[in-house]
**Student:** 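I'd like to ask some things about the structure below.
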Amino acid sequence: MSAQQRITELRKELDRLNHAYYVENSPLASDYDYDMMMKELEKLESEHPEFDDPLSPSHRVGSDITKGFTQVAHVRPMLSLGNTYSVEEVDDWIRRCNDLLGNLEGLKSVPIVGEMKFDGTSISLIYENGRLVRAVTRGDGEKGDDVTENVKTIRSIPLVLQGSGYPQSFEIRGEIVLPWKAFDRLNEERAFNEEPLFANPRNAAAGTLKMQNSAEVSRRGLDAYFYYLISDELPADNHYDNMIAARSWGFKVSNLMTLMDSIEEVDGFITRLDRERKELPVATDGLVFKVNSLRQQLNLGYTSKSPRWAIAYKFSAERALTRLRFVSFEVGRMGVITPVANLEPVLLSGTIVKRASLHNEDIVKTLGIHEHDMLYVEKGGEIIPKITGVDEAAREEGAMPIKFVTHCPDCGTSLVRIPGEAAWLCPNKYGCRPQIIGRLEHYVGRHAMDIDGVGEENAALLYDAGLVRNIADFYILQASDLEQLDRIGPRSAQRILEG
Ligand code: IVH
């Protein structure tokens with residue numbers, strides 16, 4: 001077999017394994033076999049640059065030299081959807097569609113497709129001859145940014161289509177999302193590096209897609225679901241079958257998509273999905289209903305902003321009211337002071353919330369929080385609880401507004417505010433305990449030296465015992481130093497020294 005044939009064969013096989021793993025969630029090969037094939041492909045490609053293909057599965061890892069984004073006009077504008085907030089409003093919309101279409105069948109409604117409304121950032125992909133040629137963000141709806149290089153790193157997006165029967169040229173629209181797991185991992189990392197956290201997976205997905213470094217995009221683990229196919233040569237005359245066809249070409253189309261033909265079925269779908277969405281691996285903020293027949297879609301047409309043939313149903317954000325016990329001020333590794341609301345414990349979407357970050361002084365001021373206020377806490381599908389408001393009517397008489405501290409709660413040094421930034425800092429870098437411990441923890445932690453056995457908790461222990469005051473001290477630790485500590489036995493002392 002020639003090198004060129006082998007390259008083609010490996011690309012096909014790797015694309016197939018990728019699809020099984022990232023779209024079907026059913027791996028067909030071990031990680032080891034996959035890695036071996038990828039290595040072989042990479043080797044052949046580097047020996048034969050003449051057979052390079054920008055859509056080769058070996059390019060999914062991205063690069064750190066993505067240039068700025070060029071603006072591209074959408075062939076058809078990317079519209080938004082009208083919103084509804086109750087089952088009644090959805091039912092009214094279905095009746096209106098039936099009336100406008102002159103459907104007099106009584107019990108039966110015109111067929112309606114129900115789908116999840118994925119909470120990410122929308123994307124338009126263009127394929128020609130079965131190959132991805134361009135990926136463009138929604139932008140202002142008329143034109144968006146060409147983010148092809150970043151989108152190519154998303155493993156569940158087919159670069160070269162599978163199956164057959166796809167139009168020679170088509171556009172497919174969908175939502176790029178950051179699954180909960182990847183979102184939590186990213187925020188954990190950012191918290192550790194004292195970088196601002198993403199408020200929700202939607203912001204994280206949108207931010208990630210616009211990064212200038214596609215290698216970092218590749219690492220973050222974006223995913224994508226597709227929900228709208230546009231072409232002059234569509235395979236079917238209805239939305240549902242078109243999406244099933246798109247699925248057969250390799251796109252991730254949610255298997256929660258359901259075809260229905262009565263209002264009762266739609267109502268049942270809403271009740272069922274409002275429950276099931278909590279178990280999904282990605283954030284959703286509602287449902288979308290679409291008239292299935294493309295002919296009927298055409299007849300219903302559009303308003304200036306959105307199609308009449310589709311509507312969104314928004315889930316209500318979960319909200320609780322609870323009392324503020326006190327605001328604590330916490331000192332990070334970089335000296336940044338973060339105000340934290342300590343709350344009377346309250347149950348919110350299945351977890352007990354006791355604390356919520358207030359982020360900075362400006363947010364405390366904007367919310368106008370007073371001592372012992374009753375606060376609204378929300379978790380609109382987001383994992384991090386957020387204070388969204390104050391019940392002013394429930395304020396205790398004489399309660400004073402929360403004042404931001406002027407001195408470090410730990411070492412007492414006067415705080416400084418960097419001009420133009422919301423954060424207050426404790427400038428006592430080398431004398432403030434939480435800052436020193438924070439740096440020691442960071443140094444031994446898994447994102448830095450990853451020293452076996454020391455662990456992040458032990459850093460505080462060693463510091464408080466006077467054994468480690470700075471990073472250099474780690475390297476002169478003796479077994480006898482460690483064994484004098486109650487919480488460290490001879491075995492762990494040995495591990496620390498080896499580490
Ligand atoms: S259909 C012309 N279906 O919601 C109709 N949109 O508020 C095009 N979205 O910009 C949209 N899940 O980013 C559709 N299953 C779904 C969706 C969905 C999420 C987003 C999309 C759109 C926004 C509209």
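For this chain, numbers begin at 1 and follow the sequence in order.
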**Student:** With the threshold set at 4.0 Å, does a side-chain nitrogen-carboxylate oxygen contact exist between Glu9 and Lys12?
**Tutor:**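 No, no charged N to carboxylate O under 4.0 Å.
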**Student:** For Asp223 and Ser156, test the side chains for any donor-to-acceptor distance below 3.5 angstrom and give the result as yes or no.
**Tutor:** yes
**Student:** Do Arg319 side-chain atoms and Val377 backbone N/O form a donor-acceptor pair below 3.5 Å?
**Tutor:** no
**Student:** Salt bridge check: are Arg11 and Glu45 linked by an N-O gap of less than 4.0 Å?
**Tutor:** yes
**Student:** Ignoring hydrogens and geometry, is there a side-chain-to-backbone donor-acceptor pair from Arg131 to Leu55 under 3.5 Å?
**Tutor:** no
**Student:** Identify whether the distance between the nearest side-chain nitrogen and carboxylate oxygen of Glu40 and Arg6 falls below 4.0 Å.
**Tutor:** yes
**Student:** Between Ser58 and Glu42, do the side chains contain an N or O donor and an N or O acceptor separated by less than 3.5 Å?
**Tutor:** no
**Student:** Indicate yes or no for a side-chain donor-acceptor contact from Thr137 to the backbone of Gly144 under 3.5 Å, with no hydrogens or angles considered.
**Tutor:** no
**Student:** Distance alone, cut at 3.5 Å: any donor-acceptor contact between the side chains of Glu330 and Ser328?
**Tutor:** yes
**Student:** Check the side chains of Thr148 and Arg134 for a donor-acceptor pair under 3.5 angstrom, ignoring hydrogens and angles.
**Tutor:**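 Checked: Arg134/Thr148 side chains show no N/O donor-acceptor pair below 3.5 Å.
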**Student:** Minimum heavy-atom separation for Leu485 and Leu462, please, with both atom names.
**Tutor:**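 Looks like CD1-CD2, 3.7 Å.
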**Student:** Taking the six-membered ring of Tyr228 as reference, does the NZ or CZ atom of Arg173 fall below 6.0 Å from its centre and within a 45° cone about the axis?
**Tutor:**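 No.
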**Student:** Just to verify, what does Asn203 make a side chain to side chain contact (heavy atoms under 4.5 Å, CB included) with, not counting sequence neighbours?
**Tutor:**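 For Asn203 the side chain to side chain contact (heavy atoms under 4.5 Å, CB included) partners, ignoring immediate neighbours, are Phe198, Ala199, Asn200.
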**Student:** Less than 3.5 Å apart, any donor N or O on the side chain of Asp119 or Thr284 sitting next to an acceptor on the other?
**Tutor:**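 No - no donor-acceptor pair under 3.5 Å links their side chains.
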**Student:** Kindly say whether Asn150 contributes a backbone atom to a donor-acceptor pair with the side chain of Thr153 at under 3.5 angstrom?
**Tutor:** yes
**Student:** Could you check whether any side-chain N or O of Glu421 sits under 3.5 Å from a backbone N or O of Ile418, counting only pairs where one atom can act as donor and the other as acceptor?
**Tutor:**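 Answer holds: no.
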**Student:** Taking Arg247 for the side chain and Ser254 for the main chain, is one N or O donor matched with an acceptor at less than 3.5 Å?
**Tutor:** yes
**Student:** Looking at Arg417 and Glu361, does any basic side-chain N land under 4.0 Å from a carboxylate oxygen?
**Tutor:**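 Yes, this pair counts.
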**Student:** Under 30°, 30 to 60°, or over 60°: which ring-plane class applies to Tyr443 and Tyr475, parallel, tilted or perpendicular?
**Tutor:**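 Aromatic pair Tyr443/Tyr475 classed perpendicular.
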**Student:** Is it true that His74 and Asp140 share a donor-acceptor pair across their side chains at a distance under 3.5 Å?
**Tutor:**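 The criterion, which ignores hydrogens and geometry beyond distance, is not satisfied for His74 and Asp140.
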**Student:** Determine, stepwise, if the pair Arg185 / Glu188 fulfils salt bridge (charged side-chain N to carboxylate O under 4.0 Å, His left out).
**Tutor:** CA-CA 5 Å; Arg185 190 181 57 212; Glu188 232 176 74; over 6 Å; no
**Student:** Checking His19 side chain against Phe251 main chain: does a donor-acceptor pair fall under 3.5 Å?
**Tutor:** no
**Student:** Verify, without hydrogens or angle tests, whether Ser214 (side chain) and Ser63 (backbone) share a donor-acceptor contact under 3.5 angstrom.
**Tutor:**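 The answer is yes, because a donor-acceptor pair under 3.5 Å joins these two groups.
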**Student:** With a cut-off of under 6.0 Å to the ring centre and 45° to the axis, is Lys314 in cation-pi contact with Tyr85?
**Tutor:**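 Judged by the rule, Lys314 and Tyr85 form no cation-pi pair.
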**Student:** Got a donor-acceptor contact below 3.5 angstrom from the Lys252 side chain to the Tyr22 backbone?
**Tutor:** yes
**Student:** Are any of the side-chain heavy atoms of Trp180 and Leu280 separated by less than 4.5 Å?
**Tutor:**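 Heavy-atom side-chain distance check fails, nothing below 4.5 Å.
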**Student:** Kindly confirm or rule out a cation-pi arrangement of Arg469 over Tyr463, judged by NZ or CZ under 6.0 Å from the six-membered ring centre and within 45° of its axis?
**Tutor:**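 Yes, a cation-pi geometry holds between Arg469 and Tyr463.
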**Student:** Could you check whether the rings of Tyr225 and Phe118 sit parallel, tilted or perpendicular, using 30° and 60° as the cut-offs?
**Tutor:** parallel
**Student:** For the pair Asn342 (side chain) and Val340 (backbone), establish whether a donor and an acceptor sit closer than 3.5 Å, ignoring hydrogens and angles.
**Tutor:**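 Judged by distance alone, yes, a pair lies under 3.5 Å.
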